[in-house]
Amino acid sequence: MQRPLRWLWLALAIIVLDLATKYAASAWLEYARPVEVLPFFNLTLLHNTGAAFSFLANHPGWQRWFFAAIAVGASVGLTIWLSRLKRDETLLAVSLAAIIGGALGNLYDRLVHGYVVDFLSFHVAGWYYPAFNVADIGITLGAIGLIWESVFGEKRRARQRS
């Protein structure tokens, strides 16, 4: 792939959108007070000191630096991987850039606030999915792309080459 790092524009776009929406949520929403948007969707400002699904959130604070180190290490590793991609690995490039953007968006929160700002809350029949943010969407879509690419990518590229 010529200039695979050009895909970092996508990571930057995710970071900007993530930080802008977190700023808006923090400015306009009261903490832990849901605002119903749809019967199954609320905007609810929450602060997560842990990782996904509030994993390790109840610990005394060491997890902030642990998850920050993971975000930095993952972003560096994924950027190196991105720089080595071939021309026909577009989905892989998009997926890596999305994960990098999401990781760095949440890293900003951890370093500046000590927690990650979450505000998107889906629910059904009294069951609430853990609140999340735009960075989490980037990470999730990137992970789905990586899984898709690992299952179907090599077969597709082999067909294209022959």
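Quick caveat: nothing in here was measured; it's all calculated off a predicted structure.
Here L85 contributes atom CG and L92 contributes atom CG; the two are 5.0 Å apart, rounded to the nearest 0.5 Å. A distance of 11.0 Å separates CG in L96 from OG in S75, rounded to the nearest 0.5 Å. Atom CD of E89 and atom CZ of R84 lie 12.5 Å apart (nearest 0.5 Å). Interatomic distance, CG of D88 versus OG1 of T90, reported as 7.5 Å (0.5 Å rounding). In this structure, CG on L45 lies 10.0 Å from CD on E30, to the nearest 0.5 angstrom. Rounded to the nearest 0.5 angstrom, I100 CD1 and I139 CD1 are separated by 11.0 Å.
L12 and V94 are not part of a single hydrophobic cluster, where members link through side-chain heavy atoms under 4.5 Å apart. In this structure, L104 is not a member of the same hydrophobic cluster as V16, with clusters built from ILVMFWY side-chain heavy atoms closer than 4.5 Å. Using a 4.5 Å cut-off between side-chain heavy atoms of Ile, Leu, Val, Met, Phe, Trp and Tyr, with links allowed through other members, V117 and Y129 fall into the same hydrophobic cluster. Taken together through direct or relayed side-chain contacts under 4.5 Å among Ile, Leu, Val, Met, Phe, Trp and Tyr, L146 and L5 form part of one hydrophobic cluster. Placement of W28 and F119 in two distinct hydrophobic clusters is found when ILVMFWY residues are connected by side-chain heavy-atom separations under 4.5 Å, directly or transitively.
In terms of heavy-atom proximity, L107 sits nearest to A71 at CB-CB, 4.1 Å. Summarising the geometry of L91 relative to G145, their closest heavy-atom pair is CD2-O, 4.0 Å, with the distance given to 0.1 Å. Contact record, W7 with A97: O-CB, 3.3 Å, taken as the closest heavy-atom pair. Looking at every heavy atom in both residues, R110 comes nearest to F67 through NE-CB, 3.4 Å. The two residues D18 and A135 come nearest to each other via the heavy atoms OD1-N, 2.9 Å. For the pair I14 and V134, the tightest heavy-atom approach, listed with the atom from each and the gap, is O-CG1, 4.4 Å.
Side-chain contact between V35 and N42: absent, with no pair of heavy atoms (C-beta onward) separated by less than 4.5 Å. Side-chain contact between N133 and T21 is absent, with no heavy atoms from C-beta onward closer than 4.5 Å. No side-chain heavy atom of I147 sits under 4.5 Å from any side-chain heavy atom of F152.
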Let's go through Y108 and L19 carefully: what are the C-alpha distance in whole Å and the side-chain angles of both, what is the deciding distance for side-chain contact (heavy atoms from CB on, under 4.5 Å) to 0.1 Å, and is it a yes or a no?
CA-CA 8 Å; Y108 176 88; L19 295 180; 3.5 Å; yes

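For S26 (side chain) and Y23 (main-chain N/O), no donor-acceptor pair under 3.5 Å exists by modelled atom type. Between the side chain of D109 and the main chain of N106, no donor-acceptor pair closer than 3.5 Å is present. Side chain of S83 to backbone of I80: a donor-acceptor contact under 3.5 angstrom is found.
Applying the ring-ring contact (aromatic ring centres under 6.0 Å, His included) criterion to H47, with sequence neighbours excluded, gives Y31, Y115.
Residue L120 is tested with V37, T44, I137, D136 for a side-chain contact (heavy atoms from CB on, under 4.5 Å); the sole match is I137.
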